Structure formats: structure tokens, C-alpha cells
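In what follows, chains carry the letters A, B, and so on, assigned in the order in which the sequence lines appear, proteins first and then strands, with residues in each chain numbered from 1. Only a predicted model underlies this, so the values are computations on that prediction, with no experimental measurement involved. Only heavy atoms go into these numbers, but all of them, side chains included; no hydrogens, no water, no symmetry mates.
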2 protein chains.
Amino acid sequence: MRGMLSFYILWLLSNRSMNGQELCKELARRRGSKPSAGTIYPALRSLRENGLVNMERQGRATIYSISEKGRDELERACKYFCSVFGEILQDHIKSTHK
Amino acid sequence: MRGMLSFYILWLLSNRSMNGQELCKELARRRGSKPSAGTIYPALRSLRENGLVNMERQGRATIYSISEKGRDELERACKYFCSVFGEILQDHIKSTHK
DNA sequence: ATAAATATATTGGGCATACGATATTAAACC
DNA sequence: GGTTTAATATCGTATGCCCAATATATTTAT
């Protein structure tokens, strides 16, 4: 069950490339709480070290983008995630439709 | 993003009460990998200490069941989980239907 | 009664997630 | 040019997840 943050970051980056602060805002919007710098940057670093994201400095910002390897990994992770958690979502949708 | 295992355990126990080994088997079936003792029992202990599950000794087994407080907490957690991860599942379902 | 099997539980170590504090760099402003 | 601001990054610390190893208690088998 570990690696959910990295998984989520990878998914966000698959929609569009972003810098760290934009990523924080996206996470804040979706999760309700904004991750701090000490959460996000080590995660990005680890993703980069594993070759799943690329980074490119642009002025004072660093644009992170998903790599080919990252897309492959994301697809595998999505498949796994959905097989494990899909039922919980189905249940919840059903129960809220009554 | 932490607490996914406890969340999952709570959800499993909301379907039916189980002992630790049955829980391990359910997790193995759904996740693909069987959690070891050092994973499952500390999680159950913490859930119990927070009043989310009850435990009852039956011979050599300990039956764990969800409490009222646990059901309330699970409902909140499900709502949150689905709002955060729902889109990933929707995306995946769409992309696999083509 | 003894041995084997089942189930629970803890310990120690490693990695992931999380925060707040601090430092560094680059752009923007005056 | 010097100050402020924005963005990146690291550090220390705490907690959750994860395994392998170990220990304990209870049931089952011989």
C-alpha cells in the first residue's frame, strides 16, 4: 500500500507537465491539504532517480514531466490500483445512489 | 496518503468479521501479496486502540469486528478516498474500454 | 503425553509519507 | 544595486507500511 503519493504525482504529471508549486496546488485541490516542501521534493527526487520523471530548469522553476518509462510504470500501477481498490469505489457509488 | 492498509482492513471487516489469518488471505487474494504478521497485527492493534475495531478471543483465534465508531470512520474515509482517487479509476475504465 | 500445526503477537530494520524549519537560487521590484 | 518574493531543496523527526525472525499459546495428530 506504499507509494500512493508517488503514484498520484505520476498520474498528475501524465495529464500535464508542472513545476513543484503547481503540483502542490493540484494536490491541495484534490486532497484538501497542501503537501509541504519536505513531502513533495523528496518524492520528486526519488521519481527522477528511478527515471520515471524528467526535470528541466526554467528560471527559478523546475518543470517536471513524465518519461516514457514513467508512462509504462503508471499504466501498470493503475491496473494494479484499480484491481485492488475498484470494489471499494463501486460499493461507495452504489450506496450513495440510494 | 498514509493509512491505506488500515482503511482497507476496516473495509474488509465491514463486510464480515474475521481473524487475522483470514484477513491475510483476503489481502493476499485482492492485492496479490500476503502481508506478514509484522504488518497486519500492529495495524489491527492500532485500529483497536482507536476504538475502530473490537476483538474477541475464540480459542486460538481472535475475531476482529468493526465497531460503530469504525463504521462512521469508514464512511468518512470512503467518501474522502473516492473524491481523491475516483478520477483515476474513471480514467482507467475509459481507457480500457477502447 | 509429545510433536506438529495453527494463530497470534512482538521485535528490529528499511523505506515511504508527512511536517516544520532552514537554506539556496533566481526573478521581480523599488 | 539591494530588497523582497517565489520556487526549489535539504534536514530532523515522527509515523505507517513491510518483511523476516522469533516467541507464545492453543488445537490437532500420533
Item checked: N or O in side chain of A:Q21 less than 4.0 angstrom from D:dA6 OP1/OP2 ->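 So the side chain of A:Q21 is outside the cut-off, no N or O lying under 4.0 Å from OP1 or OP2 of D:dA6.
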
Notebook entry, point to check: According to a strict under-4.0 Å criterion, is B:S6 in side-chain N/O contact with OP1 or OP2 of D:dC17?
Noted result: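 For D:dC17, OP1 or OP2 has a side-chain N or O of B:S6 closer than 4.0 Å.
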
Interatomic distance, [X] [atom1] vs [N] [atom2] [rounded to whole Å]:
X	N	atom1	atom2	value
B:E49	C:dA9	CD	C1'	13 Å
A:Y41	C:dA23	OH	P	18 Å
A:I40	D:dT10	CD1	C1'	15 Å

Notebook entry, point to check: For DNA chain C, whose closest nucleotide is more 5', that of A:R2 or that of B:R45?
Noted result: B:R45

Margin query: Heavy atoms only, 4.0 Å cut-off, all strands: where does B:Y64 land among base, sugar-phosphate and nothing?
Written below: sugar-phosphate

Next item on the list: Let me have a per-nucleotide readout for nucleotides 19-30 of chain D, 5' to 3', with B, S or -, counting only protein heavy atoms under 4.0 Å.
Entry: BB-----BBS--

Taking the side chain as C-beta and beyond, is there a heavy-atom pair between [X] and [Y] under 4.5 Å?
X	Y	answer
B:F7	A:I88	yes
B:R30	A:E87	yes
B:L47	B:I66	no
A:E56	A:Y64	no

Let me have the donor-acceptor pairs involving side chains of residues 9-20 of chain B, under 3.5 Å, with sequence neighbours excluded, atom names and distances please.
residue : atom : partner : partner atom : Å
B:S14   : OG   : B:W11   : O            : 2.6
B:N19   : OD1  : B:Q21   : N            : 3.0
B:N19   : OD1  : B:E22   : N            : 2.9

Margin query: Parallel, tilted or perpendicular, judged at 30° and 60°: which one describes the rings of B:F85 and A:Y8?
Written below: perpendicular

Check: Between C:dA9, D:dA9, C:dT17, which one does the side chain of A:T62 approach most closely?
Finding: D:dA9

